[in-house]
Asks: 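I have a structure here, written as structure tokens, and I will follow up with some questions on it.
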Amino acid sequence: MKRLFIKQKLFSIGEKFTVKDHTEKDVYYVEGSFMKIPKTFSIRNASGEEVALITKKTFSFLPKFFVEVNGQEVLTIRKDFSILKPRYTIDAANIEVRGNWWEMDFQVLRQGKVVGYVSKKWFTWGDSYEVQILDEKMEKIIVAIVIAIDCVKADQANASTIHTSS
């Protein structure tokens, strides 16, 4: 089992995260585009090579995010139409997210088998997550899922702020 720690960098232009292993060695760097349409998050390995890309679809009625790993689309997160409480759906071939992913406490399954666990670390500056990876072939996908869900949550929070301040 491999453990990774995803930590949002505060006070940076654009949204940035670092992903470290249990020895605090940098494994991935995540950088969100700043003032760019469409909004993207690039996940790069320690050598600087892009291994995943998250893109928010522009000009759609409801928010939709596409996640690519190694150039292939692996999942989509889309907001469902609902009146009272925001609801989202994760569409992915053979991948399922089970648990409370809105609170960042969930399992990632592939073909019904658990391949990783994600939990939010509370009482930290910025968002911070612990990721346990049981199938290392799924590592990039699991990291991309965590960043994508965090992006969806931030987008929802920004939309709520705009609506309540109007």
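For reference, positions follow the sequence shown, starting with 1.
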Asks: With heavy-atom distances below 4.5 Å as the criterion, would you say the side chains of Ile145 and Ile95 are in contact?
Replies: yes
Asks: Please identify each residue that fulfils salt bridge (Lys or Arg N to Asp or Glu O under 4.0 Å) with Lys56, with sequence neighbours left out.
Replies: Asp155
Asks: For Ala144, enumerate each residue passing the side-chain contact (heavy atoms from CB on, under 4.5 Å) test, keeping only those at least two apart in sequence or located in another chain.
Replies: Ile43, Ala52, Val67, Val69
Asks: Supply the atom-to-atom distance Asp150 CG to Phe41 CZ, rounded to the nearest 0.5 angstrom.
Replies: 7.5 Å
Asks: When clusters are formed by joining ILVMFWY residues with side-chain heavy atoms under 4.5 Å apart, either directly or through shared neighbours, do Ile133 and Phe5 land in the same one?
Replies: no
Asks: Can you find a pair of side-chain heavy atoms, one from Val146 and one from Phe17, that are under 4.5 Å apart?
Replies: no
Asks: Mind checking salt bridge (Lys or Arg N to Asp or Glu O under 4.0 Å) for Asp26 and listing every partner two or more places apart, or none if nothing turns up?
Replies: Lys20
Asks: Can you see which heavy atom on Ile142 is nearest to which on Gly116, and at what distance?
Replies: CD1-CA, 4.0 Å
Asks: Any pair with a residue in residues 65-76 that passes side-chain hydrogen bond (donor to acceptor under 3.5 Å, both in side chains), sequence neighbours left out, goes on the list, sorted by first then second residue, please.
Replies: Glu73-Thr76
Asks: Out of curiosity, does Leu53 fall in the hydrophobic cluster containing Ile90 (side-chain heavy atoms, cut-off under 4.5 Å, transitive links)?
Replies: no
Asks: Which residues pass the side chain to side chain donor-acceptor pair (under 3.5 Å) test with Asp91, sequence neighbours left out?
Replies: Arg78
Asks: Name all residues meeting the side chain to side chain donor-acceptor pair (under 3.5 Å) criterion together with Glu139; count only those two or more places apart in sequence or in a different chain, and write none if there are none.
Replies: Lys2, Tyr28
Asks: Going by salt bridge (Lys or Arg N to Asp or Glu O under 4.0 Å), name the residues that satisfy it together with Glu130, two or more places apart in sequence or in a different chain.
Replies: Arg3, Lys121
Asks: For Ser47, enumerate each residue passing the side chain to side chain donor-acceptor pair (under 3.5 Å) test, keeping only those at least two apart in sequence or located in another chain.
Replies: none
Asks: Which residues satisfy the side chain to side chain donor-acceptor pair (under 3.5 Å) test with Glu136, sequence neighbours excluded?
Replies: none
Asks: What are the two closest heavy atoms between Phe106 and Val97, and how far apart are they?
Replies: CD1-CG1, 3.4 Å
Asks: Is there any salt bridge (Lys or Arg N to Asp or Glu O under 4.0 Å) pair reaching into residues 97-106, and which pairs are they, with sequence neighbours excluded?
Replies: Glu96-Arg98
Asks: Donor-acceptor pair, distance only, cut-off 3.5 Å: does the side chain of Ser33 make one with the backbone of Thr40?
Replies: yes
Asks: Quick one: hydrophobic cluster around Leu134, which other residues, with the 4.5 Å side-chain cut-off, linked directly or via members?
Replies: Met1, Leu109, Val114, Tyr117
Asks: If you measure from OH on Tyr129 to CD1 on Ile147, what distance do you get to the nearest 0.5 Å?
Replies: 7.5 Å
Asks: List the atom of Asp21, the atom of Leu4, and the distance in Å for their closest heavy-atom pair.
Replies: CA-CD2, 3.9 Å
Asks: Please report the interatomic distance OH(Tyr29) to NZ(Lys16), rounded to the nearest 0.5 Å.
Replies: 12.0 Å
Asks: List for me each residue that meets side-chain contact (heavy atoms from CB on, under 4.5 Å) alongside Lys113, sequence neighbours excluded, and say none if there are none.
Replies: none
